[in-house]
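These notes concern the structure reproduced below.
Counting from 1, the numbers follow the sequence of the chain as shown. Any value given below was found using the heavy atoms of this structure, including those in side chains, with hydrogens, waters and symmetry copies removed.
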Amino acid sequence: MLVIFSSQASGNITMFGDIAVQLLKMMGHSGTVPSAILAKDVPAALANLEAALGVAEQQPESEEPTDDIEETPFVSLSHRALPLIDLLKAAVKDERNVQWTDNN
């Protein structure tokens, strides 16, 4: 599943569903797809996400099994969250709602 985040303050962002739900829960949301956050609640969601990512960065990363034939670079959750953080910051600035849906 893919999740598409959108706001009138920014362009759409598409993420893999498992990552999107994890970030939604870090924002203090249930993780339900589809759903939305009202403009007045976006600053708190952004603060929750940034705080949770700060804690996540301090935890040691688990060793991912590597395949000798093909190595896939590891992308941290913090890096995956950057486009969503930018969208949330734009929504805060323009006082806009943020919504998300799956690609079906």
Side-chain angles (χ1 to χ4, degrees):
M1 166 177 74
L2 295 175
V3 175
I4 302 166
F5 290 90
S6 60
S7 174
Q8 292 180 340
S10 179
N12 292 351
I13 296 169
T14 303
M15 291 186 171
F16 289 113
D18 57 338
I19 300 296
V21 169
Q22 187 176 1
L23 294 174
L24 287 168
K25 289 181 178 181
M26 293 172 114
M27 290 166 42
H29 193 274
S30 66
T32 303
V33 177
S35 193
I37 299 175
L38 297 175
K40 67 182 178 90
D41 298 324
V42 175
L46 175 60
N48 289 342
L49 179 59
E50 290 179 326
L53 288 170
V55 170
E57 279 190 359
Q58 294 174 1
Q59 296 176 352
E61 296 175 10
S62 63
E63 289 291 322
E64 294 290 324
T66 59
D67 186 6
D68 292 336
I69 298 170
E70 179 181 328
E71 287 193 30
T72 305
F74 175 76
V75 180
S76 71
L77 188 59
S78 296
H79 281 94
R80 292 178 190 266
L82 289 175
L84 180 57
I85 290 171
D86 289 343
L87 182 141
L88 293 171
K89 286 180 178 179
V92 168
K93 181 181 175 190
D94 292 352
E95 298 180 0
R96 297 291 186 167
N97 300 332
V98 175
Q99 52 276 343
W100 53 92
T101 187
D102 60 20
N103 64 329
N104 293 332

Is any side-chain heavy atom of [X] closer than 4.5 Å to a side-chain heavy atom of [Y]?
X: Q8; Y: D94; value: no
X: L46; Y: K89; value: yes
X: I85; Y: L49; value: yes

Measure from the side-chain N and O atoms of Q99 to the backbone N and O of S35, and report whether any donor-acceptor pair falls under 3.5 Å.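 No; judged by distance alone, with no hydrogens or angles, the pair does not exist.
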If you round to the nearest 0.5 Å, how far is OG1 of T101 from CG of N12?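 Output value for this atom pair is 10.5 Å.
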In Å, rounded to the nearest 0.5 Å, how long is the span from CZ of F74 to NE2 of H79?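 Rounded to the nearest 0.5 Å, the CZ-NE2 separation comes to 10.5 Å.
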Worked verdict on N97 versus D41 for side chain to side chain contact (heavy atoms under 4.5 Å, CB included): CA-CA 8 Å; N97 300 332; D41 298 324; over 6 Å; no
Smallest separation among heavy atoms of [X] and [Y], with atom names:
X: A39; Y: P43; answer: O-CD, 3.4 Å
X: A9; Y: A90; answer: CB-O, 3.3 Å
X: L87; Y: G11; answer: CD1-O, 3.5 Å

Does M1 belong to the same Ile/Leu/Val/Met/Phe/Trp/Tyr cluster as I19, with side-chain heavy atoms less than 4.5 Å apart forming each link?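 Yes, one cluster joins them.
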Determine whether M27 and I4 fall in the same hydrophobic cluster, where Ile, Leu, Val, Met, Phe, Trp and Tyr are linked whenever their side-chain heavy atoms lie under 4.5 Å apart.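 Cluster IDs for M27 and I4 differ.
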Donor-acceptor side-chain pairing of T32 and S30 below 3.5 angstrom: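 Yes, because at least one side-chain N or O of T32 sits under 3.5 Å from a partner of the opposite role on S30.
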I13/D86 under side chain to side chain contact (heavy atoms under 4.5 Å, CB included): CA gap, chis, key distance, verdict: CA-CA 10 Å; I13 296 169; D86 289 343; 6.0 Å; no
Worked verdict on L88 versus V98 for side chain to side chain contact (heavy atoms under 4.5 Å, CB included): CA-CA 7 Å; L88 293 171; V98 175; 4.0 Å; yes
Not counting sequence neighbours, list each pair that qualifies as a ring-ring contact (aromatic ring centres under 6.0 Å, His included) and has a residue in residues 84-104.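 The answer is F5-W100, H29-W100.
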Applying side chain to side chain contact (heavy atoms under 4.5 Å, CB included) to R96 and V42, what does each step give before you reach the verdict? CA-CA 8 Å; R96 297 291 186 167; V42 175; over 6 Å; no
